[in-house]
Amino acid sequence: MRQAVENIDGWAAATTVLPAVVVERTQNPQHGDYSVTLPLKLARSLRQPPLVIAERLAGRLELPDGFAEVAIAAPGFINLRLLPSWLRAQLVPIKEAGTQWGRSSLGHDIPVQVEFVSSNPTGPLLFSHARGAVVGDVVARVLEASRFKVQREYYVNDKGRQIRLFGESLRARILDEPVPEGGYQSEYVRDLAQELEPRAREMSSSLDPRVLAELGMEQTMTSIREDLRRLDIKHDQEFLESSLYDGRWDGETWQELRSKGRVVERDGAVWFVTGADKDEVLFKRDGEPTYFASDILYHRDKLERRGFQRSIDVWGADHQGQVGRVKQALEVLGIDPARLQVLLVQLVSVKRGAEAVRMSRRAGVGITLKEMLDEVGPDPVRYFFLLRSADAHMQFDVDLAKQQSSDNPVYYAQYAHARLANVLAFGADAGADAGVSDLERLDSEWELELMRVMLRWPDVVREAAESLEPHRLAFYTDELAAAIHRFYKNCRVVTDDRPLTAARLQLCLAARTTIGNALGLMGVSAPDRM
RNA sequence: GCCCCCGUAGCUCAGUGGAUCAGAGCGGUUGCCUUCUAAGCAAUAGGUCGCAGGUUCGAAUCCUGCCGGGGGCGCCA
């Protein structure tokens, strides 16, 4: 496809530097399947009208297999159309690829880490955490489908002031004393204290807050893992913040920054010199490192010591301010900051009835993920999050997600899959195999349209992987489901016409493969029956 | 004050590094089940793409400035 256009380069190369040759999909099917806008871009440097250029180029085009006519359209497009016979022939490779259909080797086994969720082990996952969890997981899935070597990591903040307060709060609850200033007042900690008390007393008769914090984190992580499991999310590794402070890695890193003149002591604290108007604290006056300090050690560890080419971090939008300074510190350490990509996931508000409740991490209030999973189930949670781009604020409509009815967009896609599965089962004996000649019977607008949509699937996966935009999968799935429903409505599959039946069953099989793979990449179930 | 995200149909949101259409779902109105699942299909109403300039043959899309909503700018996490 692209190579075909390269062939014309020689013709124009003499004049000037060529703009990139781009073959894009047409937005309007009336204009064919692909279009080239090169003539419009060349018009100025060639000093010829774009239409003339288009005609000369079109005449020289060597089309690869599968393309029918080349058309010129004002003001200077070259439009290409796929041959129906070529479309039909693609059903065979889709069938052969099966669950592999849509995968690519784009990533060439490059090691990439996706770090997501990373909620503190001092309380349950809130529903607001789930958006980042889903986005991170699907980014990981899409990268895996593009043959990146992906590791999913959960970064556990298991040290510092918050953990100390956590332990002290647990102790206070057990002893029925007041929770310390700034401590954890939540019901969760109260219940946890009660649950841990017998073991805690056994392990530490004095109820050492450190032991309590340890037990509490262990317990909390267990429940977090369980919540994530229900969303079909599993991390390969839980990385402990405390492991960064082994006395060598941290010492070496600070030494490196110091040698570059980027560390100063002032007011009893240790600062990273940004060179901008405001420096950043690395070590507080009480000697404890800040999160920023840990972030530096952590990302250096991933990108330098552990050898990941890229680290894709999924953060809440409220951490936006940290991106710049972590990247800056990495650069000082000689690490290309572009290797760290931060996906900022915007906040979620929950709509229940007519009421919208904003969920902010800071506000600390909100529905837990567990409660939401109990109420609506994992499929709507995943699908709804994927129906929004990560950088858009979104409103989660609980009532809609909960509806087991046609209004719920999840079912639209799942129903398309179930219908196909049903037809395939119904017609099993009639469609054992179809030859290429039979496939020629597939010539209605609905059948050809369905094929066109299916054939975009590999591009969708690739684009989602390149842009790190998992919502593209959901929008594609919706389109594909629409094409399937229209086909189903207008083309009776199982009839007395055996060859036609066989051909249509082949189409159903390919379509089910495609939508099944799409749902699978999103981690949404694809039922055979609804 | 500075930085980031958003502003597109009544509602929730796609599209946005130019040309080739302003779109989907929900909600409104109206049709379609003797045949493989109507959790579906089809039709219809509904929008100065926040405002104002600018660049261009062409701007929802790029630039500038405003307005509005959200988030950040801690020796908090």
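Keep in mind that the numbers below use all heavy atoms, side chains included, and drop hydrogens, waters and symmetry copies. Letters A, B, ... are given to chains in the order of the sequence lines, protein chains preceding strands, and every chain is numbered from 1.
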Aromatic plane relationship, A:Tyr298 with A:Phe239 - under 30° parallel, 30 to 60° tilted, over 60° perpendicular:
tilted
* With a 4.0 Å cut-off on heavy atoms, is A:Cys491 in touch with a base, just the backbone sugar-phosphate, or nothing at all? -> base
>> Would you say the ring centers of A:Tyr411 and A:Tyr383 fall short of 6.0 Å from each other?
In response: no
Comparing A:Asn490 with A:Asn120, nearest RNA chain B nucleotide closer to 5' gives the residue A:Asn490
Which of A:Arg504, A:Arg441, A:Arg492 passes salt bridge (charged side-chain N to carboxylate O under 4.0 Å, His left out) with A:Asp497? Answer is A:Arg441
Which of B:C13, B:C5, B:G71 is nearest the side chain of A:Asp318? It is B:G71
Give one of base, sugar-phosphate or nothing for A:Leu387, where a contact means two heavy atoms less than 4.0 Å apart. sugar-phosphate
### Query
Does A:His471 put a side-chain nitrogen or oxygen below 4.0 Å from OP1 or OP2 of B:G15?
yes
Crowding at CZ, A:Arg529 (>12 non-hydrogen neighbours, <6.0 Å):
no
Between CZ of A:Arg325 and P of B:G72 the distance, given in whole Å, is 13 Å
To the nearest angstrom, the CZ-C1' distance between A:Arg529 and B:G40 comes to 17 Å
Could you check whether A:Gln414 gets within reach of a base, just the sugar-phosphate, or nothing at all, counting any heavy atom under 4.0 Å? nothing
_Distance, C1' atom - from B:A9 to B:A14, rounded to whole angstrom_ = 13 Å
When we call it a touch if two heavy atoms are under 4.0 Å apart, what does A:Asp496 touch: a base, just sugar-phosphate, or nothing?
nothing
- Query: What integer number of Å spans the C1' atoms of B:A60 and B:G15?
  - Reply: 9 Å
Give A:Gln162 one of three labels, base, sugar-phosphate or nothing, depending on what nucleic acid heavy atoms sit under 4.0 Å from its own.
sugar-phosphate
- prompt: What orientation do A:His485 and A:Tyr412 show, parallel under 30°, tilted 30 to 60°, or perpendicular over 60°?
  reply: tilted
Result for 5'-nearest mapping on RNA chain B, choosing between A:Arg472 and A:Thr290, is A:Arg472
The Watson-Crick or G-U wobble partner of B:A52, with both key distances under 3.5 Å, is B:U64
Relative to its sugar, using the 90° cut-off around 0, the base of B:C33 is syn
Report task. Give a yes or no answer on whether the side chain of A:Tyr154 reaches the backbone of A:Ser119 with a donor-acceptor pair at less than 3.5 Å. Result -> yes
What nucleic acid atoms does A:Arg285 come within less than 4.0 Å of, heavy atoms only: base, sugar-phosphate, or nothing? base
- Task: Could you check whether A:Asp478 gets within reach of a base, just the sugar-phosphate, or nothing at all, counting any heavy atom under 4.0 Å?
- Result: sugar-phosphate
Q.
I'd like the P distance from B:C67 over to B:U30, given in whole Å.
A. 46 Å
- Query: Side chains of A:Ser525 and A:Gln414: do they bring a donor and an acceptor to under 3.5 Å?
  - Reply: yes
The nucleotide from B:C75, B:G40, B:C13 with an atom nearest the side chain of A:Val281 is B:C75
The nucleotide from B:A77, B:G40, B:C5 with an atom nearest the side chain of A:Arg161 is B:A77
Presence of A:Lys284 side-chain N/O under 4.0 Å of B:A77 phosphate oxygens OP1/OP2: yes
To the nearest angstrom, the CH2-C1' distance between A:Trp446 and B:A42 comes to 11 Å
Regarding the side chain of A:Lys489, the nearest nucleotide among B:A39, B:C75, B:C41 is B:C41
**Asked** Is it the case that A:Glu463 and A:Tyr476 place a side-chain donor and acceptor less than 3.5 Å from each other?
**Response** no
| Are any of A:Thr495's side-chain N or O atoms less than 4.0 Å away from OP1 or OP2 of B:U35? | no
Rounded to whole Å, the CG-P distance (A:Asp497 to B:C36) equals 18 Å
query = If only side-chain N and O atoms of A:Lys278 are considered, is one of them under 4.0 Å from the OP1 or OP2 phosphate oxygen of B:C2?
reply = no
With the side chain defined as heavy atoms from C-beta on, A:His319 is closest, among B:A77, B:C5, B:C75, to B:A77
Rounded to whole Å, the CD-C1' distance (A:Gln346 to B:C13) equals 15 Å
For B:C41, the nucleotide meeting Watson-Crick or G-U wobble distances (both under 3.5 Å) is B:G31
Tell me if the CG atom of A:Asp496 is crowded by more than 12 foreign heavy atoms within 6.0 Å. no
#### Entry: Distance between C1' atoms of B:C6 and B:A42 (Å, rounded)
35 Å
With sugar-phosphate meaning primed atoms plus P, OP1 and OP2, does A:Ala317 contact a base, only sugar-phosphate, or nothing at under 4.0 Å between heavy atoms?
sugar-phosphate
**Asked** Is A:Ala416 touching bases, backbone alone, or none of the nucleic acid, heavy atoms closer than 4.0 Å?
**Response** nothing
Taking any heavy-atom pair under 4.0 Å as a contact, classify A:Tyr488: base, sugar-phosphate, or nothing. base
ask   = Mind checking the P distance from B:U61 to B:G54? Whole angstroms is fine.
value = 14 Å
ask   = Should A:Arg419 be listed as having a side-chain N or O under 4.0 Å from OP1 or OP2 of B:A38?
value = yes
Of B:A39, B:A77, B:C36, the nucleotide closest to the side chain of A:Tyr291 is B:A77
As its Watson-Crick or G-U partner within any shown strand, both distances under 3.5 Å, B:C2 has B:G72
Separation of B:C4 atom P from A:Leu347 atom CG, nearest Å, is 17 Å
Any strand, both distances under 3.5 Å, Watson-Crick or G-U wobble: B:C26 pairs with B:G10
Considering only heavy side-chain atoms of A:Trp271, the closest of B:A77, B:C36, B:C75 is B:C75
**Asked** Under the side chain to side chain contact (heavy atoms under 4.5 Å, CB included) criterion, do A:Phe166 and A:Val189 qualify, and how do the steps go?
**Response** CA-CA 8 Å; A:Phe166 181 53; A:Val189 168; 4.0 Å; yes
To the nearest angstrom, the CD-P distance between A:Gln320 and B:G74 comes to 12 Å
Testing B:A77, B:C41, B:C5 for proximity to the side chain of A:His393, the answer is B:C5
Of the candidates B:G71, B:C75, B:C13, the side chain of A:Arg388 sits closest to B:C13
In whole angstroms, the gap separating C1' of B:C75 from CD of A:Glu288 amounts to 10 Å
Rounded to whole angstrom, note down the P distance from B:G46 over to B:C41. 23 Å
Could you measure between the two C1' atoms, the one in B:A39 and the one in B:U34, and give it in whole Å?
22 Å
**OP:** Provide the distance between the two P atoms, one in B:A43 and one in B:A24, to the nearest whole Å.
**Re:** 10 Å
